[in-house]
Amino acid sequence: MNRFELIDFIKKQGVEEALLNRVEDFVRENPIDEAYKDRVPESLFAYYGKEIWTKALHGILSGYHILLSGPKATGKNVLSENLAQVFNRPLWNISLNVNSDSGALLGGKTFKAGEVVLEKGPVTLAAQEGGFAIFDEINMAKNESLSVVHSALDYRGIIDIPGYKRVKLSKATRFIGTMNYGYMGTRELNEALISRFLVIDMPILQGDSLALILREETRLREDKIDLFVRLLMDLQNKSLQGEISSKSVDIRGLFAALKMMEGGLALLPALEMGIINKSFDQFEREIVEDLILTLFSKDQDPGELFR
Amino acid sequence: MSLSDRRVQNLYWSISENYDRKYQGDPAFYVIGERAFLDLVFPKNQLENFIKRNTQFLSNQEDLRKVIEIAAKDWIRDSFLRVRPGMAVHEGGHYEGLFQDLDRMRKRSFSQEMDYQYSRHRTGRPLTPGPILSPLLEDIFSLKTCKDSKDFFQGIIGILKKFFHVNAEFVSEDIVVELKDLGQDEEVKKKKKRRIVEEKIREEDFESEEIESAEFTNVKRDRPEEGALEEPGIQVASKGEEKTFKRIVMHFGNQDLLQGRQAELERIISRGIHKGMKLHLTRGNFEKDMNSRFFEDQILLQRQANLEAFEKDQHHYRRAIFELREILRKNLFDDFDQSQWRTSRGEVDPQEVWKYYAYGEKNIFNKKYFDRDGSFSVDILLDMSASQQERQEEVAIQGFLITEALVELGIPTRVMGFCNLFNYQILRLFRDYKDDKRQNMEIFSYKASGSNRDGYALRYVFETMKEIQAENQVLIVLSDGRPNDQIHIIGGSNQEVANYEDEEAVYDTAGEVLQGRIRNKAILGVFTGQDQDLDQEKLIFGHDFVRITDLSRFSTVVGKYLKSVIERI
């Protein structure tokens, strides 16, 4: 989907025209360096939800960084990617984990032609080139590692790299954090970091939004769309009730399974690969499989599912 | 297909969309699904209430129930299979099985005949009803056109009147909910909560306490509060050391410590205020004589009560274990152990730069990695003194929840209960570090009796923690913050062991906790006592204790605090 299609899509959801005009002004005022044009993402999926779009656009246009918080399968990554495309910014995506240190963010020193030089990291590049940097799963990283970007995120807008120089944040640069807060097994973010973001609480995907996505993105028959929506809603509910982990609540997995079914793979093996086997706990798998078997017969002809 | 209980419940919950209700019927796949869908269509027990209200006092209530249930099943059938098309495969199998079972019978009761005819209908066979059943079944099948449940109930009322001369009534949904179902449901929920946070004293607790106290003190008394123990005229039989030991074995089971090891440990830890104390480590294996049998039975009775309490709310507890496990998995295994590697990028190590010029070596930078396999061991210590008698089930369940979560993560976990009798420190070993997971069930053999010397028990634990090699050692103590061992009153033979009570006991316990922390152990208190003892608990554990008042938050609270104490090691 190109940028204009995406903007059209946002308009269709009822986001105010005036807001989108301000986005266009932003894009005009912040031309992109040719060298980084290929970093502007071309989204495969678009985020559905007027309210969230409005909040995110306002947040970014006001010059703030945003933190998308919500459980799995709420569209955090889709929205962050969409935002970079709408604002026509090069995107750096940083998947954080416990081993992410300041070097992974700012860059590390290396040898080039017999000299120790700084190899810029994604945060430094995004800061200099007016890009968007996504801190994916920000609460997976150690707070200490993220403290190096505190000065970039607040009013100072600078990154001081030891042994290098101060990098001033371009006025088009934004940081977008995604996190899965309050859910099993996540860690607390420290207040200093949270206070540097505007937080958007991503709503749990509702059945009608998912149906819309399935209708747009797949060739599923109308009556079958309901069944797949129910499957994902049931799984989501089960996960929120603490009966299963969130591993099987996997929209990406569902899309992959549908693609394989469209290619002729039988329903159960496809769902096994895309959803059931995402959990490595035997009990959990059985529960998920039971659920699937209430909705589909074991010998469902995959051809019948599609238009 | 035979399903485990967890699968049965989950199947029911998925379809009924009601995660608060427990399914207790036939564990067959289709039956669960059909029942769950009925509960979805008739929420808040609407159908069951209708049946009870209109058939409860009638002699043919079973027949009427069958008619209503078949009508309801038939009415929901199409929607059920539309919403859950996967159940169609199971439908055939279920009704075929029912048909086969009933077809073989020579004589069938009215309900069986109804089932039989209905199974014929659902398996596509022609019906063979007599002249009486034929119009009844026709009327039942005609209910299919009812648009909503109100219509359906009106239809049923008509059938009951026409064929059974029963003047049934349908109370509108709101009234049904208000008068019966909702009220009942809410009450159940409240009860559940109360049971978890404020256990009531059962009468048998008093009885068992009396029997036991009389046994081990040789003092007869009516009620503990009458203060009989403090009267000077009490006759206390003086026991020799051997006799005391026999009593201990009789009460708690055989000694599992080798004599040499016991002496060694006592030499190290029985000092200061605990001088003269002896250790009795037991796994609860009793002698076969009658007296021991009596105490073993007491424990078994309590075990049964503990297990019943657990099973009653098992699904919530299983959820708590699952959540705690996930919280711990992330928090315990993510942060520990930094290691450093030489790489071609990262922080330059000035001492290595010459290598680049000498041999072109590029790996002269350091990069830090966090190893995920920081090793752990956890000790769980359960206060097993008589002051816990009011909440034995609660303590056993909480201990079990933490243990299950830890053991499922493969963390070596030792669980012990501690109490005192005479000059003996009883340590009931429920599971040792490397025991099988099944051994966790032993925690339900928790039974409170005797007094407690928390400080001494802590000394024992710290001393024996050395037996397991782990970088991070954690101790979780479930206690009521009331260390108390008035040994001179009940014993008589051990005047050399000092009393352990009041401030002195609290400060000694707090001192031991501090000693543990100094030795780099993470210590967390889980408070299982009463409000007035909170200050003492705070004195002992500082800020590192939690009080669980709502079990639904058990995993979050324990997980979070456990993480914070471990971080400070």
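Within the 4.5 angstrom heavy-atom criterion, no atom of B:Leu81 approaches chain A. With a 4.5 Å cut-off on non-hydrogen atoms, A:Glu284 touches chain B through its side chain but not through its backbone. Only the side chain of A:Leu227 comes within contact range of chain B, with heavy atoms under 4.5 Å apart. Contacts of B:Tyr357 with chain A are made by side-chain atoms alone, with heavy-atom separations under 4.5 Å and no backbone atom involved. Using a 4.5 Å cut-off between heavy atoms, A:Glu286 touches chain B through backbone and side chain atoms alike. Contact of B:Arg82 with chain A is made through the backbone alone, with heavy-atom distances under 4.5 Å. Looking at B:Ile364, the atoms closer than 4.5 Å to chain A (heavy atoms on both sides) all sit in the side chain, from C-beta outward.
Taking the six-membered ring where the residue is Trp, the centroids of B:Tyr359 and B:Trp354 are separated by under 6.0 Å. Checked against the 6.0 Å centroid threshold, B:His94 and B:Tyr30 count as a close aromatic pair.
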Inset, instruction - With salt bridge (Lys or Arg N to Asp or Glu O under 4.0 Å) as the test, would you mind laying out the steps for B:Arg122 and B:Glu96 before giving the verdict? - result: CA-CA 8 Å; B:Arg122 292 287 282 259; B:Glu96 184 62 35; over 6 Å; no
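With no hydrogens or angles considered, no side-chain donor-acceptor pair links A:Asn277 and A:Glu272 at under 3.5 Å. A donor atom on one side chain and an acceptor atom on the other are not found under 3.5 Å apart for B:Tyr12 and B:Lys22.
Atom-to-atom distance recorded for A:Lys278:NZ and A:Lys247:NZ is 12.0 Å, nearest 0.5 angstrom. Rounding to the nearest 0.5 Å places CZ of B:Phe29 at 5.0 Å from CG of B:Leu11.
The candidate with the highest count of non-hydrogen atom pairs below 4.5 Å against chain A, out of B:Glu17, B:Gln9, B:Arg319, is B:Arg319. Ranked by heavy-atom pairs under 4.5 Å with chain B, the list A:Asn237, A:Leu291, A:Leu295 is led by A:Leu295.
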